[in-house]
Structure formats: structure tokens, C-alpha cells
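Just below is one structure, and these are the notes that go with it.
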Amino acid sequence: MIKLGIIGTNWITQQFVEAVKLSGRYELVSVYSRHAETAKTFAEKNGAQETFTDLDQFLSQGAFDTVYIASPNSLHFAQAKKAIQAGKNVIVEKPAFSTQKQMAAIQQLLDENDQVLYFEAARNIHTENFHTIEKKLGELKTVQGAEFTYSKYSSRYDKVLAGEVPNVFSPKFAGGALQDLGVYTVYDAVALFGMPEDAVYFPQRITSGVDGKGTAILTYPEYNVTLNFSKITNSHMTSEIYGLKDLIEIDDAGEINAVIYIDDDQNKQMIGNTINENPMLPEAKDFARVIEDPHHSQNQKDYAYWRQLSVYVNQLIYQLRQSAHISFTGEEN
Ligand SMILES: NC(=O)C1=CN([C@@H]2O[C@H](COP(=O)(O)OP(=O)(O)OC[C@H]3O[C@@H](n4cnc5c(N)ncnc54)[C@H](OP(=O)(O)O)[C@@H]3O)[C@@H](O)[C@H]2O)C=CC1
Ligand SMILES: O=C1CO[C@H](CO)[C@@H](O)[C@@H]1O
């Protein structure tokens with residue numbers, strides 16, 4: 001059993017803890033929270049044996065080998081760095097890090113601590129439906145780009161409209177639509193088409209200074225890939241990957257619940273069905289497979305691929321953010 005520690009006690013950690021339990025491969029052992037009461041409540045609810053309110057003690061004394069980090073984005077770097085230095089495998093929520101400098105420092109640390117494994121929790125690329133898309137894309141005779149969309153009105157935008165700045169919309173916590181939802185579409189694009197030649201982001205800013213929604217255009221030698229994402233509107237626009245006359249239609253580039261192939265005659269065939277399961281289960285299983293047997297050749301291959309993908313996605317998001325002059329508080333440090 002993989003012994004798990006967690007940082008951050010919001011709903012997403014609860015969902016991850018439920019996913020790892022369903023996988024049957026992990027045991028939640030240690031809970032870190034800034035508040036003793038929060039840690040105790042989370043630990044009792046989920047059967048963890050120990051709690052900490054001091055991050056250094058959690059990492060040096062906690063009886064776990066793998067840590068899941070689901071804190072506000074701007075904290076990921078310092079927490080992941082300490083965890084790697086403490087010899088813990090790291091599963092860090094998307095977007096893993098906010099700058100290329102941070103990502104480079106983490107990669108160097110991983111090279112120096114080669115027994116430690118690093119995963120970015122980009123759940124969409126681990127789903128069965130995503131693998132169906134990869135396979136179908138490989139079968140298209142002609143490929144002419146794509147549009148990926150992931151838009152969902154955030155209840156936390158109500159707070160922005162009321163004059164508050166929740167973490168997910170705060171430049172202090174590396175928030176914004178590109179960071180929070182756009183990252184999934186960037187993962188789709190890079191995993192399916194590779195790195196673009198050029199990339200530009202056209203954001204719609206909100207009062208806190210970050211982007212509430214936006215459109216990014218990625219330029220490839222023979223086509224473009226357009227990314228649309230929003231936290232301040234809803235959208236029912238589907239995502240599409242273009243062949244010549246045929247195409248692949250995806251209900252939502254972040255959730256990927258339905259994948260339809262539309263042939264040359266515009267007949268529709270459902271090739272990826274809605275899977276009614278915890279959406280974090282596929283990634284939890286993938287990470288467990290590598291942690292349990294890191295030297296297995298397929299696991300080594302997958303791990304190297306996910307790690308490189310994480311670096312590319314970080315590079316592209318940073319480039320997009322620079323193109324739109326969106327900066328975060330203290331990001332030079
Ligand atoms: N994969 C997915 O589907 C999802 C991923 N995410 C990702 O998870 C991460 C967390 O997101 P979200 O839950 O919205 O973030 P929050 O801002 O709600 O913070 C998450 C946790 O971090 C701790 N925390 C909050 N504020 C601070 C602070 N100022 N200083 C230190 N710790 C703090 C809290 O835990 P405590 O009080 O116990 O210390 C809190 O429960 C993000 O990276 C996000 O992108 C989020 C939602 C879905
Ligand atoms: O990854 C995510 C998916 O959806 C959430 C909201 O519903 C986001 O806030 C989150 O960061």
C-alpha cells in the first residue's frame with residue numbers, strides 16, 4: 001500500500017482521497033492543515049492516523065511516502081520543493097508551478113533525488129476517453145487543428161462581484177482562468193499535437209487583475225489550435241478536432257465525458273461514453289502503478305512522458321501568460 005499524506009483540506013482533496021480509496025492501492029496516513037481542528041476533522045472522517053499543523057514536521061516525521069498537494073497554486077512550488085528534499089513522492093495539483101524558473105528548479109531537484117517521483121495531477125489526460133481520442137486522432141487521414149473549450153461559471157466569482165478576492169481569482173495565489181481551467185485545454189493540445197511554434201493569449205481581465213476568461217491561439221506549421229476557457233461564464237460549446245470532412249467532437253475538454261466521431265458523411269458514432277466514476281480515479285491508478293513498480297519498462301516510459309508533458313505545459317502556460325502581460329504577486333522570487 002502507498003502511504004499517503006495530504007496538504008490542503010478542501011473538497012478536491014476529499015475527492016482525491018475517495019479516489020485513492022476506490023483504487024485500493026493507497027492508505028491515507030497523514031493530514032497537514034494550518035489548523036489543528038481542520039486536520040483532526042479530515043483525519044477522522046477519512047481514517048488517517050496522524051495530523052500536523054507544522055509543514056516541516058509533517059514532512060520530516062509523517063509516516064507517509066507520497067504527498068498530494070492541493071493548496072493554492074502559488075504555494076505548490078515551496079511545498080513540493082520541501083517534500084522532494086524530504087524524500088517524498090509528490091503528486092501536485094494542476095497547474096503544478098507558476099513560472100518556468102520554478103519548474104526548472106524542481107526538475108533539477110528531481111534529477112538530484114532520483115528515487116523521488118513527481119506527478120502533476122492533470123486528471124483529463126489519464127481518462128479512458130482521452131486515450132480513445134488519442135487513438136482516433138492517430139487514425140484520421142488528415143488533421144487540421146482543433147478547438148478545445150472548458151468553461152464553467154465559478155461560484156467564487158460571485159465573491160469577486162461582491163468585492164472580495166478568493167484565492168482562485170487572486171494574483172497573490174497565481175489564480176485566473178488560464179491557470180485554473182485553461183491548463184486542461186493546454187494539456188489536451190500539447191498531449192495531442194505537441195508544442196506549437198507560437199502561442200498568444202487574449203484574456204478578458206477581471207477586477208483583481210487576473211483573467212476571468214480568454215482565448216489562446218496556438219500556431220502549428222499546418223493548422224491552429226484554439227483554446228477557450230472561462231470561469232466567469234458558462235458555455236455549452238463543444239470541443240472539436242478536425243480531419244478533412246470528418247471530425248472528433250468532445251463534450252468538454254476538461255471533463256471529457258463524451259467523445260463522438262463524425263464521419264465524412266456526417267454520421268455520428270459515440271466512441272467514448274460517459275463514465276460515471278470518481279473523475280480522479282484514472283490518475284490515482286496511473287500514479288499508483290508507477291509508484292508501486294517504477295522500474296517496469298512501461299511505467300518508466302509513462303513516467304518520463306508525463307514528467308516531460310508537465311514541463312511543456314508549464315512552459316506554454318507561462319508563454320501565454322507573458323503574451324498577455326498577466327503577472328502574479330512576487331513571482332520573480
Ligand atoms: N483536479 C481538480 O479537479 C481540481 C483541482 N484543484 C486544484 O487544487 C488546488 C487547490 O484549489 P482550491 O481547493 O480551490 O484552493 P483553496 O484556495 O480553497 O485552498 C486549498 C487548501 O489550501 C489551504 N489554504 C488555503 N488558503 C491558504 C493560504 N492562504 N495559505 C496556506 N494554505 C492555504 C487550505 O487548507 P487548510 O486550511 O487545511 O490549510 C485549503 O483547504 C489548486 O491548485 C487547484 O488548481 C482544485 C479544484 C479541482
Ligand atoms: O480543476 C478544477 C475543475 O473545476 C473546478 C471548479 O468546478 C476548478 O476550480 C478546479 O480548479
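Heads up: numbering here begins at 1 and tracks the sequence. In each ligand, atom 1 is the first atom listed, and ligand 1 is the first ligand listed.
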What about Arg123: any of its N or O atoms under 3.5 Å from an N or O on ligand 2?
-> no
In terms of its nearest heavy atom to atom 43 (O) of ligand 1, the top option of Asn124, Asn73, Ile6 is Asn73
How about Glu249 and Tyr261: does a side-chain donor come under 3.5 Å of a side-chain acceptor?
-> no
Gln15 to ligand 1: N or O pair under 3.5 Å?
-> no
Side chains of Gln102 and Asn314, donor plus acceptor under 3.5 Å = no
Of the backbone atoms (N, CA, C, O) and the side-chain heavy atoms from C-beta on, which set of Tyr184 has a member under 4.0 Å from an atom of ligand 1: side chain, backbone, both, or neither?
-> side chain
Relative to atom 20 (C) of ligand 1, which among Ala96, Ala70, Gly8, Gly254 owns the nearest non-hydrogen atom?
-> Ala70
For ligand 1, note which part of Lys94 has a heavy atom under 4.0 Å away: side chain, backbone, both or neither.
-> both
Residue, atom name and distance, where the atom is the protein heavy atom closest to atom 47 (C) of ligand 1 = Trp11 CZ2, 3.6 Å
Taking 4.0 angstrom as the limit, do Arg307 and Asp111 come out as a salt bridge?
-> yes
Report the part of Asn167 in contact with ligand 1, treating N, CA, C, O as backbone and CB onward as side chain, heavy atoms under 4.0 Å; options are side chain, backbone, both, neither.
-> side chain
Just distances here: any N/O of Trp11 and N/O of ligand 2 closer than 3.5 Å?
-> no
Proximity of Phe148 and Tyr184 rings by center, below 6.0 Å | no
Who's the nearest protein heavy-atom neighbour of atom 12 (P) of ligand 1, and how far?
-> Asn10 ND2, 3.7 Å
Go through the steps for Gln14 and Glu18 under the test side chain to side chain donor-acceptor pair (under 3.5 Å), then give the verdict.
-> CA-CA 6 Å; Gln14 183 60 40; Glu18 283 163 19; 2.7 Å; yes
Should Phe42 be listed as contacting ligand 1, given a heavy-atom distance under 4.0 Å as the test?
-> no
Where on Tyr150 is there a heavy atom closer than 4.0 Å to ligand 2, on the side chain, on the backbone, on both, or on neither?
-> side chain
Judged by heavy atoms only, the candidate from Glu93, Lys152, Lys94 nearest atom 4 (O) of ligand 2 is Lys152
Can you tell which part of Gln179 has a heavy atom less than 4.0 Å from ligand 1: side chain, backbone, both or neither?
-> neither
Taking the six-membered ring where the residue is Trp, are the ring centres of Phe119 and Phe287 under 6.0 Å apart?
-> yes
Given that the side chain starts at C-beta and the backbone is N, CA, C, O, which of these parts of Ile7 lies under 4.0 Å from ligand 1, counting heavy atoms, or is it both or neither?
-> neither
Charged N to carboxylate O under 4.0 angstrom, Arg321 versus Glu331?
-> yes
Any non-hydrogen atom of Arg156 lying under 4.0 Å from ligand 1?
-> yes
Salt-bridge contact Glu50-Lys40 (side-chain N to carboxylate O under 4.0 Å) | no
Atom 37 (O) of ligand 1: which protein heavy atom is closest, and how many Å away?
-> Arg34 NH2, 2.9 Å
